[in-house]
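For reference, the structure is listed below as structure tokens.
Owing to the predicted nature of the structure, the values given are computational and were not obtained by experimental measurement. To find a chain, count down the sequence lines: A is the first, B the second, and so on, and within it residues start at 1.
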Amino acid sequence: MTERYDPGAVEAKWQERWDDTELYRVDIDGAEHPFYNLMMYPYPSAEGLHVGNVYAFTGADIHGRFKQLQGHDVFEPIGFDAFGIHSENFALEQGIHPMELIPRNVANFTRQLKRMGFMYDWYRVVDVTQPEYYKWTQWIFLQLYKTGQAERRKAPVNWCPSCKTVLANEQVIDGHCERCETEVVQRYLDQWFFKITDYAQRLLDNLEWIDWSDSTKRLQRNWIGRSEGADIDFDVVGYPDERIRVFTTRPDTLFGATFMVLAPEHPLVEKVTAKKQRAIVDKYVKKALAMDLVERKKAGEERQKTGVDTGAKAINPATGEEISIWVADYVLMEYGWGAIMAVPAHDERDFEFAQQYELPIRIVVVPAEQYDGFDPNAELESAFTEHTEDEVLVNSGVFDGMPAAKAIEKITAWLEDEDQGTGTVNYRVHDWCISRQRYWGPPIPIIHCDKCGIVPVPEEDLPVLLPYVENFKPDESGVAPLARSEEFFYVNCPECGGAAKRETDVSDTFLDSAWYFMRYPSTDRDDVPFDALRTERWLPVDMYIGGEEHAVLHLMYSRFITMALHDMGHLPFEEPYERFRKHGLIVREGAKMSKSRGNVVIPDDYVEKYGADTFRAYLMFLGPYEEGGDFRDQGISGISRFFDRVWDAATSDDLADGPPETDELNQKLHATIKKVTEDVSTLQYNTAIAAMMEYLNATRAGGRSPRRSEIEPLVVMIAPFAPHLAEELWERLGHDGSITKGHNWPEYDPQLAVADEVDIAVQVNGRFRATVTVDRGASEEEVKAKALAEDAVRRHMDGKEIRKIIFVPDRLLNIVVG
RNA sequence: GCGAAAGUGGCGGAACCGGUAGACGCGCCAGCCUUAGGAGCUGGUGGCCAUUGGCCGUGGGGGUUCGAGUCCCCCCUUUCGCACCA
């Protein structure tokens, strides 16, 4: 043995060499086997790289390196999501301007990322706060505006009366300001929306074919929240020109609709309320509207349902009965039509409300077996919500006896004939509000002119630069801080040339991240957001790896933006990420990491002590990548020892030539290559590492020294996990150049990957009794003969007659006696 | 409340299509080496009884099967989403 493995020295040497030789700089215009390997770019916090970042990036980097070793030209870029509320709040807290703070954080992140040995192409970094980037973010806004997909309308924002500022949703905790704990209220402001709801069905449909983690798809489906049902119009007594439209998923229960409920914001509330009820309804509505959204949305179990009778009546189109119209805040304006038909017998919320206010409850659906002799005056203890083929209608006129599932169709058809309703689909997704009354983001490229109205900034005038504003703290005016820069604010109208004002809101940071991956290949182009040929070559992204916390917002928004740009003819594809895999979360000693617990893993500390390679590999070893794992400080020594032993084996003085010494070892080698290739392809890094350990143990069994042919393939397989170590060993094994260049991933021979001899488990009456060794593919007779020769088998057969034999080739023989 | 996922040694975790449960690693135990070691090497390590050997064992209970960690039903626990979405 010569020299000990010194990770620090090895890693410094190779990082320098990678830099010098521009090893990971991709030939963006000429690559022949392009593979776009993407990971979710980080928000560069002041604390520096979090172990969660390292975990995410390591798993993604391993995939990229694996593809590279298999002969692809891998493009693996990185960038910084440095705009947004996080950065701004931190800047406010520290009293440092973000324009000063962010570059510092970016520099620190860059240092840390380089230290981890990721194969980033550092020549194509995206920083969303740079005008060269957000110029095109603004361009995208303009394209959406031009095609009518960006729209300005009034919407509520969270307002903290104490801090006198607009809050983002994530700053509202349980209805209170996260800073001063004052109760948050709603204010209505003009804001910009992207019409993502127009894409709801397509966003849903494409989930059928894109190759994503199932759980992520499920989250997206829930978020889109498609419901099939019907819109139904109810006539209002005394108002022949008005109808109240409701959405329901249960048109089959129409005969059971015994009252209606309007949301407090519903436009008809004021109009239809009877005189004698006016005062009490006004009071209720005012109170409801003063409550902030979060408070109001608190679950019904915590807060009893409240409401008031308007005194007005509507006509149930099925029964012709007059039913009362109520106002209650459990009905939300933003879903459906802000009004419901209440069917207390078959909806839990309506049931609760009806009980509270003693409103009539009429059963219209019962289990089929209760149909005969059903008592029309039966009472319910809770709402009965089943509605399949096995439940049938009662109290429903001509529809009596019809299965509920069928009645949904039939009653919808009847409503259509009567011009009282239509079958329809509703979605939960709302349009995307991109306005932020904040400072640290790209200005929305719009000018407000008294004469011309809303005027988009001409494309040739982009970017609209974010001005330096000394005091960037939001204030009580509800007007964004950008209004304080006169230079910025006052502008001439691009259409009439008259005096005009700029839009002072900035856009949501999710807009920055909705298209950053399109920019990477074209960071050197200032004339287009993304070069057409490069986009053709590299996009859509081949593999995207990231956290599931972005399953609905980031991933949904970037799919939407991609679709919109595709429809405008800017992109040849409509789904941005061909494959997406989520990774799990790291906990420590079974507990979530948090600053207050003081159990946060600081990557720098471990890298310093064990080296980046060992830290990387340990993170991958501690659990299935897609599920996360439990970080235990003791565990890291297992990887450390493993690498020491790989080092010793590969740098041994008596490294013999020739093929693997025994057939058995050769078989083990091929089986290991097969296992590692498959596991790395499917992100099962923990078992890939285990297989490599097992193999190394086999090559060293009995204290022997492995041969070169036994150890070289292992060095290559280790390369994605421990790139520096692999480079060093590759060089010491006598190779020129980098291990990552060329097609070095070992191939396996499927014939050799399986053993010639197999151990077959022998059971008697299903219980394991012995094992016999036979040639692969041995016949039942052969195995049986050998099995019956075993003492342990015969003993347990106890001289009884063989009833049956179950034979699974190469695996098992079960002798059933009795 | 609804939805999803998961419960396997002292610990992190393996286990193809139902076919020898506990791979790999940590820890622990014994031995070797060493002036010494929180280093390295070798061996052992699910539990219980035992002389060969045997019984029990994947949250609990039932079932299907020659055979169940794996499939079905009921229950318990944990984690994560959504949270009055009509």
Side-chain angles (χ1 to χ4, degrees), chain A residues 1 4 214-215 218-219 221-223 225-227 229 246-250 253 257 261 263 296-303 305 328-332 334-343 346-350 352-353 426-430 548-549 551-552 584-585 587 589-590 592 618 621-624 627-639 641-642 644-645 648 678 684 686-697 700 702-703 759-771 791-792 795-796 803-808 810-818:
Chain A
M1 206 170 301
R4 292 196 54 153
D214 285 338
S215 58
R218 194 165 41 237
L219 287 168
R221 285 198 187 95
N222 288 346
W223 189 258
R226 181 191 154 100
S227 305
V246 303
F247 172 75
T248 178
T249 54
R250 297 291 308 280
T253 63
V261 186
R296 211 176 120 188
K297 279 186 173 173
K298 267 189 191 163
E301 57 194 85
E302 286 171 40
R303 210 164 60 79
K305 287 190 174 37
D329 65 7
Y330 81 92
V331 173
L332 307 174
E334 72 263 19
Y335 187 77
W337 298 98
I340 60 157
M341 66 175 206
V343 186
H346 305 294
D347 180 280
E348 282 163 23
R349 298 150 299 175
D350 298 346
E352 192 191 320
F353 193 77
N426 237 294
Y427 302 91
R428 274 175 74 165
V429 264
H430 293 109
E548 196 153 47
E549 67 275 18
V552 284
L585 294 177
V587 298
E589 315 277 332
K592 221 178 231 174
Y618 177 56
F621 185 58
L622 44 79
E627 281 159 46
D630 190 356
F631 192 101
R632 290 179 184 257
D633 288 30
Q634 272 183 336
I636 198 166
S637 57
I639 295 290
R641 286 173 198 156
F642 172 53
D644 280 342
R645 292 190 296 166
D648 290 347
E678 288 168 356
Q684 290 166 286
N686 56 331
T687 49
I689 294 171
M692 291 189 279
M693 288 173 163
E694 204 180 330
Y695 172 68
L696 180 69
N697 291 344
R700 293 164 46 105
D759 288 340
I760 292 193
V762 182
Q763 300 181 335
V764 177
N765 283 350
R767 308 194 62 134
F768 172 76
R769 294 302 173 191
T771 151
D791 262 0
R795 181 153 24 94
H796 288 276
R803 286 261 168 98
K804 191 173 169 186
I805 288 199
I806 314 277
F807 178 63
V808 184
D810 297 335
R811 273 196 179 277
L812 164 140
L813 185 84
N814 186 8
I815 303 167
V816 186
V817 298

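Of the candidate nucleotides B:C24, B:A86, B:G67, B:G67 has the atom nearest to the side chain of A:Asn814. Listed nucleotides: B:C24, B:G19, B:G12. Nearest to the side chain of A:Asp630: B:G12. The nucleotide whose nearest atom lies closest to any side-chain atom of A:Tyr335 is, among B:G25, B:A5, B:A86, B:A86. Considering only side-chain atoms of A:Phe621, the nucleotide from B:C26, B:A23, B:G12 that sits closest is B:G12. Taking every side-chain heavy atom of A:Arg641 into account, B:G40 is the closest of B:C24, B:A4, B:G40. In this structure, the nucleotide among B:C41, B:G12, B:C26 sitting nearest to the side chain of A:Arg700 is B:C41. When the nucleotides B:C84, B:A86, B:G25 are ranked by their closest atom to the side chain of A:Tyr330, B:C84 comes out on top. Here the nucleotide nearest the side chain of A:Lys592, chosen from B:C80, B:C84, B:U20, is B:C80. The side chain of A:Asp329 approaches B:C84 more closely than any other nucleotide in the set B:C84, B:A5, B:G13. Residue A:His796 places its side chain closer to B:G54 than to any other of B:C41, B:G54, B:G13.
Rounded to whole Å, the separation between the C1' atoms of B:A4 and B:A86 comes to 23 Å. B:C48 and B:C41: their P atoms are spaced 30 Å apart (whole Å). Look at the P atom in both B:G81 and B:C74: the space between them is 27 Å, to the nearest Å. Nucleotides B:G22 and B:U58 are separated by 9 Å at their C1' atoms, to the nearest Å. Rounded to a whole angstrom, the distance from the P atom of B:U20 to that of B:G67 is 15 Å. On the P atoms, B:U64 is 34 Å away from B:G12, given to the nearest whole Å. B:A30 and B:U77 have their P atoms separated by 42 Å, with the value rounded to a whole Å. The separation of B:C72 from B:G18, taken at their P atoms, amounts to 11 Å, rounded to a whole angstrom.
One interatomic measurement links the two molecules: CD of A:Gln763 to P of B:C66, which rounds to 13 Å at whole-angstrom precision. With rounding to whole Å, A:Leu219 atom CG is found 9 Å from B:C82 atom C1'. The nearest whole Å value for the distance from the CD atom in A:Glu589 to the C1' atom in B:G10 is 14 Å. For the pair A:Leu332 CG and B:C84 P, the computed distance is 6 Å after rounding to whole Å. Atom CD1 in A:Ile689 sits about 12 Å away from atom P in B:A14, given to the nearest Å. For the pair A:Leu813 CG and B:G19 C1', the computed distance is 11 Å after rounding to whole Å. Going from atom CD of A:Glu548 over to atom P of B:U79 covers 18 Å, rounded to whole Å. Atom pair A:Asp347:CG and B:A86:P shows a separation of 9 Å (rounding to whole Å applied).
No donor-acceptor pair closer than 3.5 Å links the side chain of A:Asn426 to the backbone N or O of A:Ser227. Judged purely by atom type and a 3.5 angstrom limit, A:Asp810 has no side-chain atom pairing as donor or acceptor with the backbone of A:Ile760. Not a single donor-acceptor pair under 3.5 Å links the side chain of A:Asn814 to the backbone N or O of A:Ile806.
In the model, A:Tyr618 has no side-chain atom that pairs as donor or acceptor with a side-chain atom of A:Asp633 under 3.5 Å.
Pairing for B:A4 is with B:U79, a Watson-Crick or G-U wobble pair whose two hydrogen-bonding atom distances lie under 3.5 Å. B:C41 and B:G31 make up a base pair, with Watson-Crick or G-U wobble contacts both under 3.5 Å. Across every strand in view, B:C26 sits in a pair with B:G10 that passes the Watson-Crick or G-U test at under 3.5 angstrom. Using N1 to N3 plus N6-O4 or O6-N4 for Watson-Crick, or N1-O2 and O6-N3 for G-U wobble, each under 3.5 Å, B:U58 pairs with nothing. The partner of B:U52 is absent, by the rule that a Watson-Crick or G-U pair needs both atom distances under 3.5 Å.
Among the heavy atoms of the strands lying under 4.0 Å from A:Arg795 are primed sugar atoms or P, OP1, OP2 only; no base atom is included. Counting any heavy atom pair closer than 4.0 Å across all strands shown, A:Arg428 reaches a base atom. Residue contacts shown for A:Ser215 are absent, as no nucleic acid heavy atom lies under 4.0 Å away. Nucleic acid contact for A:Asn426: none, since no nucleic acid atom lies under 4.0 Å from a heavy atom of the residue. Contact annotation for A:Ile340: base contact, defined as any heavy-atom pair under 4.0 Å involving a base atom. Backbone-only contact: A:Thr248 has heavy atoms under 4.0 Å from sugar-phosphate atoms and none from a base.
For B:G9, the glycosidic angle deviates from 0 by 90° or less, giving a syn base.
A:Phe621 and A:Ala690 make their closest contact through CE1-N, 4.1 Å (heavy atoms, listed as atom of the first residue, atom of the second, distance).
Taking CD1 of A:Ile636 as the reference point, atom CG of A:Leu622 lies at 9.0 Å (rounded to 0.5 Å).
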